[in-house]
Amino acid sequence: MPELAYLNGKIRPISETYVPIEDRGYQFGDAVYEFIASYNGKLFCMEEHMKRLQTSMEGLSFPKIDKSFIEKAVYELFEKAKIARAGIYIQISRGVAPRDHAWDKKMKVQIIMTIKEVKEYPLKLREDGIGIITVQDERWANCNIKTVQILFNAMAKQKAKDQGAFDAIFISKDGIVREGTSSNFFMIKDGCLITHPLTKNILPGITRMVIMDLARDLGIKTEEKFILKTDLFSANEAFLSGTITEILGVRTIDGIKIGKGKPGEITQKLYKALRKKAEQDI
Ligand code: PMP
């Protein structure tokens with residue numbers, strides 16, 4: 001099960017793959033990315049991830065790349081690595097050029113990928129739930145575009161870790177709960193599943209979308225609306241969602257117990273449904 005890297009058509013071990021220092025992704029954060037997971041040797045929601053990647057590239061006015069070209073490259077790497085439970089990181093930068101803020105519109109994008117085995121979270125973490133903290137959202141204004149400019153997300157995650165919490169959620173200066181550092185946020189109140197609407201302030205999570213569909217199938221009421229920080233503490237349940245996170249139930253927010261202080265019934269039901277869908281998806 002080798003862990004491999006892809007760089008502009010060439011597949012090699014990760015440790016032997018290098019990106020030129022004048023890659024605009026490295027110097028300007030001028031790159032977009034995706035992270036796709038596989039279950040039982042099958043990539044989950046490939047189509048949706050490819051679509052979002054295209055949208056992100058459009059958002060930064062990258063030249064058009066044929067969707068099937070990227071798809072073929074992803075499958076080539078996936079088939080070569082033969083990792084059944086894989087995580088594929090895809091990063092596309094505007095390209096390599098002498099450092100200059102403006103760019104030559106004819107430059108060629110640079111595609112890199114890595115494939116590694118996904119390390120599942122311990123069962124205990126899923127059963128006990130996670131502690132999260134709130135931090136003020138100081139990210140840029142286009143969080144719907146999945147760029148590699150995620151320094152503030154990294155800083156918030158580190159702050160959470162330093163405080164003994166698992167993760168952080170961003171709160172706007174008006175007190176609106178946005179999302180996690182690498183996840184979307186959901187809360188459940190009186191049986192209704194509530195999450196932030198799709199605006200420029202959050203990433204349109206693929207897992208978020210799958211969960212909303214699953215909830216409707218399960219007869220759970222859903223609502224997309226702004227949640228205020230002050231609403232958090234009356235939630236019956238809360239969880240984070242993402243490709244690797246899947247669904248992680250929240251135990252506490254800023255040290256205050258949410259619901260019964262462990263992942264609730266609806267959270268667990270949705271997690272089971274999500275795993276089932278991912279593992280059986282054809
Ligand atoms: N929000 C942010 C900021 C993220 O980084 C991620 C993970 N990439 C998500 C939400 C969840 O997205 P997805 O379900 O597509 O992994």
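In listed order, ligands and their atoms are each counted from 1. Sequential numbering from 1 along the given sequence is applied to the chain's residues. Since the structure is predicted, the reported quantities are computational estimates derived from the model, not experimental observations.
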Notebook entry, point to check: Considering distance alone, does some N or O of Glu179 sit under 3.5 Å from an N or O of ligand 1?
Noted result: yes
Check: Which atoms of ligand 1 are found less than 4.0 Å from any heavy atom of Gly242?
Finding: 11 (C), 14 (O), 16 (O)
Item checked: Region of Ser183 engaging ligand 1 - heavy atom pairs below 4.0 Å -> backbone
Checklist line | Between Asp23 and Gln110: side-chain donor-acceptor atoms closer than 3.5 Å | finding: yes
Note to self: What I want to check is whether the side chains of Asp167 and Thr181 have a donor and an acceptor closer together than 3.5 Å.
What the structure shows: yes
Notebook entry, point to check: For Glu48, is the nearest heavy atom under 4.0 Å from an atom of ligand 1?
Noted result: no
Next item on the list: Give the residue, atom name and distance (to 0.1 Å) of the protein heavy atom nearest atom 14 (O) of ligand 1.
Entry: Thr207 OG1, 2.6 Å
Notebook entry, point to check: Got the closest protein heavy atom to atom 11 (C) of ligand 1, with its distance?
Noted result: Asn184 OD1, 3.7 Å
Margin query: Is it the case that the side chain of Glu179 and the backbone of Leu203 share a donor-acceptor pair, with hydrogens and angles ignored and the cut-off at 3.5 Å?
Written below: yes
Check: Taking distance alone, with no angle check, do Arg52 and ligand 1 share an N/O pair under 3.5 Å?
Finding: yes
Next item on the list: Report the distance from atom CZ of Phe185 to atom CD1 of Ile171, rounding to the nearest 0.5 Å.
Entry: 8.0 Å
Item checked: Axial cation check for Phe44 ring with Lys277, 6.0 Å and 45° limits -> no
Next item on the list: Specify whether Phe28 and His101 have parallel, tilted or perpendicular ring planes, treating 30° as the upper limit for parallel and 60° as the lower limit for perpendicular.
Entry: perpendicular
Notebook entry, point to check: Between Ser182 and ligand 1, is there a nitrogen or oxygen pair with a distance under 3.5 Å?
Noted result: no
Check: Which ligand 1 atoms does Thr181 reach within 4.0 Å, using its non-hydrogen atoms?
Finding: 3 (C), 5 (O)
Margin query: Once you measure the plane-to-plane angle for Phe186 and Phe239, does it fall in the parallel (<30°), tilted (30-60°) or perpendicular (>60°) bin?
Written below: parallel
Checklist line | Residues Arg126 and Tyr121: side-chain donor-acceptor under 3.5 angstrom | finding: no
Note to self: Heavy-atom contact check, 4.0 Å cutoff: does Phe170 meet ligand 1?
What the structure shows: no
Notebook entry, point to check: Relative to ligand 1, is Ile202 under 4.0 angstrom through side chain, backbone, both or neither, heavy atoms considered?
Noted result: neither
Note to self: Looking at Lys51 and Glu47, is any side-chain nitrogen of the basic one under 4.0 Å from a carboxylate oxygen of the acidic one?
What the structure shows: no
Next item on the list: Looking only at protein heavy atoms, identify the closest one to atom 12 (O) of ligand 1 and say how far it is in Å.
Entry: Gly205 CA, 3.5 Å
Notebook entry, point to check: Nearest protein heavy atom to atom 16 (O) of ligand 1, by residue and atom, and its distance?
Noted result: Thr243 OG1, 2.6 Å
Notebook entry, point to check: Can you list the atoms of ligand 1 that are under 4.0 Å from a heavy atom of Tyr33?
Noted result: 5 (O)
Notebook entry, point to check: Could you give the distance from CD1 (Ile36) to CZ (Phe78), rounded to the nearest 0.5 Å?
Noted result: 10.0 Å
Notebook entry, point to check: At a 4.0 Å cut-off, with the gap strictly under it, does some heavy atom of Lys146 reach an atom of ligand 1?
Noted result: yes
Next item on the list: With the side chain counted from C-beta on, respond yes when Tyr26 and Arg99 share a heavy-atom pair under 4.5 Å apart, and no when they do not.
Entry: no
Check: Backbone or side chain, does any N or O of Ile206 fall under 3.5 Å from an N or O of ligand 1?
Finding: yes
Notebook entry, point to check: Are any of the heavy atoms in Val210 under 4.0 Å away from ligand 1?
Noted result: no
